[in-house]
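Taking it in order: structure first as structure tokens, then the write-up.
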Amino acid sequence: MSTSPRYRFAPSPTGFFHVGGARTALFNWALARSTGGTFVLRIEDTDEARNRPEWTQGIIDSLAWIGIAADDPHFEGPLFQSEYADAHLAAAQRLFEAGDAYYCEMTPDEIQTLAKAEGVTGYAGWSRDLGLGPGAGRVLRFRVPDGVTVVRDQVRGDVEFDNDTIEDFVLVRSNGTPVFLLANVVDDMTMGITNVVRAEEHLPNTPKQQMIWQALGHRPPVWAHVPVLVNDQRKKLSKRRDKVALEQYRDEGYLADAMVNYLMTLGWSPGEDEIQPWSMMEPAFRLEDVNLSPAFFDVKKLGAFNGEYIRMMSVDELVQGCDPWLPVDWDRSRFAAIAPHIQQRLVTLADAPGVVDFLFIAEPEIDEASWDKAFAPEYAVPLLRNLADAYETCDWDHATLKAVMETEMETFEIKLGKAQAGTRVAVTGRAVGPPLFEALEVMGRDESLRRIRQALATLGG
Ligand code: GLU
């Protein structure tokens, strides 16, 4: 039998794919690949009320987007938990036959009443020795042994649980369906999983799961529980409060490489320079170096990473990358001409149209405040008039256009930024935007002059 490690990622398809899930998947992926092991994708689809096939597809697509590709030799699956129902129940039966589990017919109400009367919390093993067999209304409970359970965790070290604090938990519900704890263990066992790397919220389940592993006669996997992601108020990321769907970031123009890089830095540091390609992070990643404290999912920082990755794109990649966000009727060659000049200012690819729209719209909306400010000084109108005259005949390239503006700047004894302000608002409608002379070059003489003259007419000049 092969001894290479088998990692797994076991999402439940009950909603959009969460950025926290993506981070867990990436950690598993890095480990599976760097150890020559396997990454098993198991879809935990046994909660029929909450599952939907489109969520499963969303998981597969999202994983592919962040580079966890189903055709990679290290990838196995997807396997579906629902197809292993027989194995879950067979394991339950074995536990019952070995005396590690017993049936109980107490209702939740009865348990509550008795617990109150006896001054205990939870279920105190009342049916342990009744010798009940299976039957309607009965649950199967695990017989928690005395002692302590030590979970060896690669992130946390040894975590000790006093078995006294763990009640005889349910394995199979009264309707005959196995609970998550059991199905999850049996699947890991069936699939030969050697390493379980998952979110911290599952740590309380782990002593129970480890007991099941041991009762079934198997050595438990190596555990690792990675810290939760929190928002700016240090609250656990939640889909009601925070933007957590990976798909949403993809659709808003974040780059997969930037997202992958940023997610890897949540709880782990790739080194002094946080911006690193996957090829460097994959072999460097170690669970032992993962931080214990909750990791802040900072959308601003993600944006900074994204900006860095956008700046690393070639112009062709940038033009192609922005394409889905550009209105269909925009001239692509015109966009390609301005693209290199906006690369510095983009946080996401989806920002592109808003930065260059004035090149594609006949009458861009004028920002009133910017207009008032740009044309308030006494030199503004005469400068624009001089400029318009000079721009009628000069060469039409950004260097010449700038040189002409510099002459005006000297005439009026002002700085270049001030000299440009009126022209920028006249032509683009706004006080900020891509470099002006490059934008004018792309726009062309006729349209640039039309806008400048139109502004002059409005100003009564
Ligand atoms: N289906 C569980 C979840 O999505 C997986 C737990 C595990 O990784 O063991 O939280």
Side-chain angles (χ1 to χ4, degrees), residues 5-32 37-60 62-63 66 68 75-85 87-88 91 151-156 159 169 171 177-213 216 218 220-229 236-239 244-246 263 267 287 290 294:
R6 288 174 65 80
Y7 291 84
R8 89 318 192 246
F9 177 56
S12 307
T14 54
F16 282 113
F17 189 56
H18 193 289
V19 287
R23 198 259 321 239
T24 303
L26 286 168
F27 283 180
N28 277 288
W29 185 239
L31 293 163
T38 303
F39 172 101
V40 176
L41 173 61
R42 179 172 74 240
I43 306 290
E44 301 212 317
D45 59 344
T46 37
D47 184 348
E48 276 170 30
R50 294 169 67 216
N51 287 326
R52 286 209 246 130
E54 60 266 35
W55 300 135
T56 297
Q57 195 53 47
I59 292 168
I60 294 168
S62 294
L63 290 176
I66 55 173
I68 302 181
F75 186 103
E76 191 176 303
L79 305 175
F80 291 88
Q81 183 157 73
S82 55
E83 288 171 18
Y84 294 82
H88 307 152
V151 170
R152 310 222 103 145
D153 188 290
Q154 274 183 299
V155 173
R156 274 144 225 282
V159 190
F169 54 92
L171 295 169
T177 57
V179 300
F180 156 75
L181 281 179
L182 177 66
N184 183 262
V185 166
V186 174
D187 287 348
D188 282 343
M189 215 173 270
T190 311
M191 295 167 194
I193 300 304
T194 58
N195 294 70
V196 169
V197 179
R198 61 183 175 182
E200 183 183 3
E201 66 203 34
H202 288 291
L203 186 61
N205 293 325
T206 310
K208 301 179 190 172
Q209 295 195 304
Q210 184 160 297
M211 288 177 204
I212 302 175
W213 275 89
L216 288 170
H218 286 260
V222 180
W223 307 101
H225 290 86
V226 299
V228 288
L229 303 188
K236 200 179 141 198
L237 282 195
S238 106
K239 54 181 163 194
V244 298
L246 194 70
L263 288 174
L287 284 167
V290 168

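None of the values given here were measured: they were computed from a predicted structure. Indexing begins at 1, ligand by ligand and atom by atom, following the structure's order. What you see below is based on every heavy atom in this structure, not just the backbone, and it leaves out hydrogens, waters and symmetry mates. Just so you know, residue 1 is the first one in the sequence shown, and it goes up from there.
- Residues Gln210 and Trp223 have side chains that bring a donor and an acceptor to within less than 3.5 angstrom of each other.
- Ion pairing between Arg8 and Glu76 fails under the 4.0 Å rule for side-chain N and carboxylate O.
- The nearest heavy-atom contact from the protein to atom 5 (C) of ligand 1 is Ala10 O, 3.0 Å.
- Counting heavy atoms from C-beta outward, Val222 and Thr194 have side chains that stay 4.5 Å or more apart.
- Heavy atoms of Phe180 found under 4.0 angstrom from ligand 1 belong exclusively to the side chain.
- Within the listing of ligand 1, atoms 1 (N), 2 (C), 3 (C), 4 (O) sit less than 4.0 angstrom from a heavy atom of Ser12.
- For ligand 1, the atoms closer than 4.0 angstrom to any heavy atom of Asn184 are 6 (C), 7 (C), 9 (O).
- In terms of protein heavy atoms, atom 3 (C) of ligand 1 is closest to His202 NE2, 3.7 Å.
- Backbone and side-chain nitrogen or oxygen atoms of Glu201 are examined, and none is located within less than 3.5 angstrom of a nitrogen or oxygen of ligand 1.
- For the pair Val196 and ligand 1, the shortest N or O to N or O distance does not fall below 3.5 Å.
- Using modelled atom types, no side-chain atom of Asp187 and backbone atom of Gln81 make a donor-acceptor pair closer than 3.5 Å.
- Side-chain contact of His225 with Arg156: a donor-acceptor pair under 3.5 Å is absent, judged by distance alone.
- Contact of the Asp188 side chain with the Trp213 side chain is registered, since non-hydrogen atoms from C-beta on lie closer than 4.5 Å.
- Of the candidates Glu44, Gln209, Arg8, it is Arg8 that places a heavy atom closest to atom 7 (C) of ligand 1.
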